[in-house]
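Just below is one structure, and these are the notes that go with it.
Hydrogens, waters and symmetry mates are skipped; everything else that's a heavy atom, side chains included, is used. The chain is numbered in sequence order, starting from 1.
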Amino acid sequence: MTSSPFATFTPRVENGRETLRGPEGRPIKVLVVDDEQTLSELLGLALRYEGWDVRTAGDGASAITAAREMRPDLVVLDVMLPDMDGLEVLRRLRTDSDRTPVLFLTARDAVEDRIAGLTAGGDDYVTKPFSIEELVLRLRALLRRSHTALTADSSLLTVGDLTLDEDSREVHRSGDLIALTATEFELLRFLMRNAKRVLSKAQILDRVWNYDFGGQANIVELYISYLRKKIDSGREPMIHTMRGFGYVLKPVG
């Protein structure tokens, strides 16, 4: 499963979304290891939205076999598995001289658990419950850190005259700087990454707030209205309501 030290990951913008690609333009390969089937399916769906090739495993032995077969670019690894813990899985993978970036999922929040994961050779971790959007951003950051050939402007999302820089967290429309709150920024980023795609309120709640967020869908309507006042005010609108379906962001013209 050893990745080539010369592998590069290049960004492409497809329908307004930056899609990272592996060597020779192939999709990024991700192995998701978790015995919670619902969570694995949810993660798989989110990562496939990124244009990535996803394979799942429900236990440690299957994960080791899958990793050696597919040679993933990234591994998402749950600490608690039915046959062995994630730390042991990682140790076995590292004995193959593999340096593939690994992000741990853990239900524990104790400092010693975090230290154990990083000491075992993990690269990052998130604690359950977590935001799917945050996990995707963490994985993209791992790719950037481990493969320096990524271009310097890969953090820039562009849809028409609207730009969002994920690193500087600056947003411009027609060259004008637009100040957004943290939540408005995350909402806009999700809309831009899915430009021209109709997103339901449930999808937006899952990706912007939290996948198990228990609040009311009207919070989406509220923040869409906030965003429209800043993005579309005095300009041709980019954020559209598709009644009965959800919302879509489209370039003007």
So do the side chains of Phe104 and Leu90 get within less than 4.5 Å of each other, counting heavy atoms only?
yes

Return all side-chain donor-acceptor pairs below 3.5 angstrom for residues 82-89, not counting sequence neighbours, or 'none' if the list is empty.
from  : atom 1 : to    : atom 2 : distance (Å)
Asp83 : OD1    : Gly60 : N      : 2.8
Asp83 : OD2    : Gly60 : N      : 3.3
Asp83 : OD2    : Ala61 : N      : 3.0
Asp85 : OD1    : Leu87 : N      : 3.1
Asp85 : OD1    : Glu88 : N      : 2.8
Glu88 : OE2    : Arg92 : NE     : 3.0

Evaluation steps, side-chain contact (heavy atoms from CB on, under 4.5 Å), between Glu221 and Lys201
CA-CA 8 Å; Glu221 298 175 11; Lys201 291 179 182 179; 2.3 Å; yes

Run the salt bridge (Lys or Arg N to Asp or Glu O under 4.0 Å) test on Asp232 and Lys250 for me, step by step, so that the C-alpha distance in whole Å, both residues' side-chain angles and the decisive distance to 0.1 Å come before the verdict.
CA-CA 12 Å; Asp232 289 342; Lys250 298 187 291 186; over 6 Å; no

All heavy atoms of Gly246 vs all of Val198, minimum pair found to be N-CG1, 4.2 Å

Ser168: side-chain contact (heavy atoms from CB on, under 4.5 Å) partners, not counting sequence neighbours:
Asp165, Glu170

Closest approach of Pro27 and Gly51, non-hydrogen atoms and distance?
CB-O, 3.5 Å

Looking at residues at least two apart in the chain, or sitting in another chain, which of them share a side chain to side chain donor-acceptor pair (under 3.5 Å) with Gln37?
Glu41

Please find the pair of heavy atoms, one from Glu166 and one from Phe185, that lie closest to each other, and give the distance.
CA-CZ, 4.3 Å

Asp59 versus Asp35: any side-chain heavy-atom pair under 4.5 Å?
no

Cluster link Phe130 to Val54, ILVMFWY, side chain under 4.5 Å
yes

With a 4.5 Å limit on heavy-atom distance, are the side chains of Ile231 and Leu249 in contact?
no

Drop me the distance from Asp176's CG to Arg235's CZ, to the nearest 0.5 angstrom.
5.0 Å

Phe190 to Gln203 - nearest heavy-atom pair and separation
CE2-O, 3.9 Å

Counting C-beta onward and ignoring hydrogens, is there a side-chain heavy-atom pair between Ile219 and Leu205 closer than 4.5 Å?
yes

Do Val252 and Tyr247 sit in one hydrophobic cluster, given that two such residues count as connected whenever their side-chain heavy atoms are within less than 4.5 Å of each other, even indirectly?
yes

Val79: which of Val33, Asp34, Leu105, Thr106 passes side-chain contact (heavy atoms from CB on, under 4.5 Å)
Thr106

Hydrophobic cluster mates of Leu137, side-chain heavy atoms under 4.5 angstrom, ILVMFWY only, any path?
none

List the residues meeting side chain to side chain donor-acceptor pair (under 3.5 Å) with Glu184, not counting sequence neighbours, and say none if there are none.
Thr181, Lys230

Search all heavy atoms of Leu164 against all heavy atoms of Met192 and return the closest pair with its distance.
CB-SD, 3.6 Å

If you define the side chain from C-beta out and look only at heavy atoms, does anything of Leu139 sit under 4.5 Å from Ile28?
no

Without hydrogens or angle criteria, can the side chains of Asp161 and Ser174 be said to hold a donor-acceptor pair below 3.5 Å?
yes

Quick check: do Lys196 and Val159 have side-chain heavy atoms less than 4.5 Å from each other?
no

Yes or no on side-chain contact (heavy atoms from CB on, under 4.5 Å) for Arg189 and Arg169, after CA distance, side-chain angles and deciding distance?
CA-CA 10 Å; Arg189 172 158 50 188; Arg169 300 185 72 83; 3.8 Å; yes

How long is the span from the CH2 atom in Trp52 to the CG atom in Leu74, to the nearest 0.5 Å?
6.0 Å

Residue pair Asp123, Leu103: steps toward the side-chain contact (heavy atoms from CB on, under 4.5 Å) verdict:
CA-CA 6 Å; Asp123 299 277; Leu103 182 146; over 6 Å; no

For the atom pair OG1 (Thr158) and NE2 (His172), what is the distance rounded to the nearest 0.5 Å?
11.5 Å

When you group the ILVMFWY residues by side-chain heavy-atom contacts below 4.5 Å and let the links chain together, are Tyr226 and Leu187 in the same group?
yes

When hydrophobic residues are tied together by side-chain contacts of less than 4.5 Å, even through go-betweens, does Phe245 share a cluster with Leu199?
no

What I'd like to find out is whether the side chain of Tyr49 reaches to under 4.5 Å of the side chain of Val136, using heavy atoms alone.
no

For the atom pair OG (Ser233) and CD1 (Ile178), what is the distance rounded to the nearest 0.5 Å?
10.0 Å

If we only count heavy atoms from C-beta on, is the Val30 to Pro72 side-chain gap below 4.5 Å?
no

Just verifying a value: how many Å separate Leu180 CG and Leu188 CG, rounded to the nearest 0.5 Å?
6.0 Å

Using every non-hydrogen atom in the two residues, find where Arg68 and Arg71 come nearest and quote the distance to one decimal.
O-CG, 4.2 Å

Connected via hydrophobic side-chain network under 4.5 Å: Val75 and Met70
yes

Leu177: hydrophobic cluster co-members (side-chain, 4.5 Å)
none

From Arg197 CZ over to Leu191 CG, what is the distance, rounded to the nearest 0.5 angstrom?
12.0 Å

